[in-house]
Amino acid sequence: MEIIVKKNYEEMSKEAARIVKERIEKKPDLVLGLATGSTPLGLYQELARMHQKEGLSFKKVKTFNLDEYYGLSPEHPQSYHYFMNLNFFSKIDINIANTHIPDGLTREPNHFCLEYEEEIEKCGGIDLQILGIGGDGHVGFNEPASSLGSRTRIKTLNEQTIKDNSRFFKNIDEVPKYAITMGVGTIIDAKEIILMASGKNKSLIIAKAIEGPVTSQITASMLQVHPKVITILDEDAASSLKKKDYYKFVAERVKKFNGN
Ligand code: F6R
């Protein structure tokens with residue numbers, strides 16, 4: 001795992017955007033896995049800026065979102081459909097037909113989830129998956145005890161996740177109790193992954209996910225077995241890592257080796 005520690009949220013977001021841009025320039029029809037939540041907002045803002053000011057085009061890019069609340073319509077202001085349109089898709093030149101987000105209103109979730117997996121496969125698999133990490137160590141909505149081989153399915157949300165996400169709703173009772181999410185196995189199938197985390201409140205879970213054992217209790221720990229993960233943290237999120245100095249040393253060496 002490559003671990004990059006940046007000064008603050010803005011620098012973390014710019015570094016992630018730099019990598020995404022590079023990958024799109026290499027492969028204009030990149031298949032991009034996307035996350036919602038607070039963490040990737042700066043990344044989306046920077047990518048939108050790159051589109052407007054530097055001509056970065058998303059015309060051929062295909063996207064698959066990790067998850068959607070079950071029971072929310074695309075028009076619901078807290079749905080992930082709404083979030084993606086508001087914060088990213090409406091600001092770039094992406095073809096909406098090339099974007100995929102789980103259907104929160106499907107009456108046949110099992111069937112829908114199989115089709116979502118098939119659609120990813122039809123597009124040749126996800127080239128680059130963007131991830132945040134939940135307070136309980138989830139990626140997507142793969143809550144503690146999710147199978148590390150799981151595929152897209154409907155999941156019950158953990159109490160901590162409902163509490164964490166209640167900040168976006170009028171009150172905690174409005175937070176949906178279920179979501180459709182890519183599985184840990186689906187995420188791990190991506191060819192490359194960027195995990196981002198920012199802020200002190202993520203530091204303990206980041207240390208467990210990166211330096212602790214691989215366990216279904218912290219599904220982000222499964223990223224340790226993936227051959228190509230870039231973890232980008234700000235100083236606060238990195239502050240509980242035991243080997244922080246070592247990661248910084250390695251990152252510097254890698255930069256030098258690559259002539260930067
Ligand atoms: C969102 C998602 C979640 C979030 C995680 C962190 O699509 O899949 O796993 O990445 O809950 O959320 P924030 O970034 O709001 O702390």
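Remember, it's 1-based here, ligands and their atoms both numbered in the order they're listed. All residue numbers refer to positions in the sequence shown, counting from 1.
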Subject >> Ring center gap for Phe83 and Tyr69 short of 6.0 angstrom >> reply: no
Subject >> salt_bridge(Lys27, Asp127) N-O dist < 4.0 Å >> reply: yes
Subject >> Ionic contact status for Asp29 with Lys59, cut-off 4.0 Å >> reply: no
Original post:
At a 4.0 angstrom heavy-atom cut-off, what protein residues surround ligand 1?
Top reply: Ala35, Thr36, Gly37, Ser38, Thr39, Leu66, Asp67, Gly132, Ile133, Gly134, His138, Gly140, Arg167, Lys202
Original post:
With a cut-off of 6.0 Å (strictly less than), are more than 12 heavy atoms of other residues, nucleotides or ligands near CD of Glu121?
Top reply: no
Original post:
Are side-chain heavy atoms of Met1 and Ile3 found at a separation under 4.5 Å?
Top reply: yes
Original post:
Looking only at atom types and distance, does a side-chain atom of Thr181 sit under 3.5 Å from a main-chain N or O of Phe141, one as donor and one as acceptor?
Top reply: yes
